Amino acid sequence: MPLQVELVSPERILFSGEAREVVARTAGGDIAFLEGHVPFIGTLQIHPVQIHMLDGTVEEVAVHEGFVECAHDRVTILSDVAELKSQIDVARAEAARARAEANAEQLDDVEREAALRRAHVRLQVAQG
């Protein structure tokens, strides 16, 4: 029995479908959800999420924090900002990285690090 997966942002449902596995990075580390996984709720880190499809392909998503819930073979990912690989504008992601690096003195360490991680995750997912 496959997992039912939904990736939801405030704007829309980015992904809804069946998968055999979902891999995400939570505050506690990396976690993989498979059929029969125990119920789980966790906070997501700025990191790629991999949705392993039934046909063997992998849908990669740049996720910029959020929450993940798994219960009864259903995985729900809620994120304020998430981008599917096919939707990432590489030039925009590179410009965001350059801005974060250029504005290093204007941002505190936490803001600068988060901006750089978001840009790197977008580029990592886009360039696969």
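Note that this is a predicted model, so its numbers are computed, not measured. Starting from 1, each residue takes its place in the sequence as its number. For the numbers below, each heavy atom of this structure counts, side chains included, while hydrogens, waters and symmetry mates do not.
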Using 0.5 Å steps for rounding, measure from the [atom1] atom of [X] to the [atom2] atom of [Y].
| X | Y | atom1 | atom2 | result |
| --- | --- | --- | --- | --- |
| Cys70 | Ile41 | SG | CD1 | 10.0 Å |
| Phe40 | Ile31 | CZ | CD1 | 4.0 Å |
| Glu18 | Leu3 | CD | CG | 9.5 Å |
| Ile77 | Ile13 | CD1 | CD1 | 13.0 Å |
| Leu7 | Arg12 | CG | CZ | 9.5 Å |
| Ile46 | Arg117 | CD1 | CZ | 4.0 Å |

Over all heavy atoms of both residues, which pair between [X] and [Y] is shortest? Give the atoms and the distance, please.
| X | Y | answer |
| --- | --- | --- |
| Leu116 | Arg97 | CD2-O, 4.0 Å |
| His52 | Val58 | ND1-CG2, 3.4 Å |
| Ala119 | Ala96 | CB-C, 4.3 Å |
| Ala82 | Val61 | CB-CG1, 4.1 Å |

Would you say [Y] ends up clustered with [X] if hydrophobic residues are merged whenever their side chains have heavy atoms under 4.5 Å apart, either directly or through other cluster members?
| X | Y | answer |
| --- | --- | --- |
| Met53 | Val5 | yes |
| Val63 | Leu123 | no |
| Leu14 | Leu44 | yes |
| Val8 | Val75 | no |

Do [X] and [Y] have side-chain heavy atoms sitting under 4.5 Å apart?
| X | Y | answer |
| --- | --- | --- |
| Arg20 | Pro2 | no |
| Glu21 | Val23 | yes |
| Thr43 | Thr26 | no |

Checklist entry - Any side-chain hydrogen bond (donor to acceptor under 3.5 Å, both in side chains) pairs touching residues 63-86, not counting sequence neighbours? => result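 Of all non-adjacent pairs touching residues 63-86, those that pass side-chain hydrogen bond (donor to acceptor under 3.5 Å, both in side chains) are Glu83-Arg122.
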Item to check | Under 3.5 Å: donor-acceptor pair, side chain of Glu60, backbone of Gln50 | outcome: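 No.
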Item to check | Val22 vs Val49, side-chain contact (heavy atoms from CB on, under 4.5 Å): CA-CA, chis, key distance, verdict | outcome: CA-CA 7 Å; Val22 176; Val49 168; 4.0 Å; yes
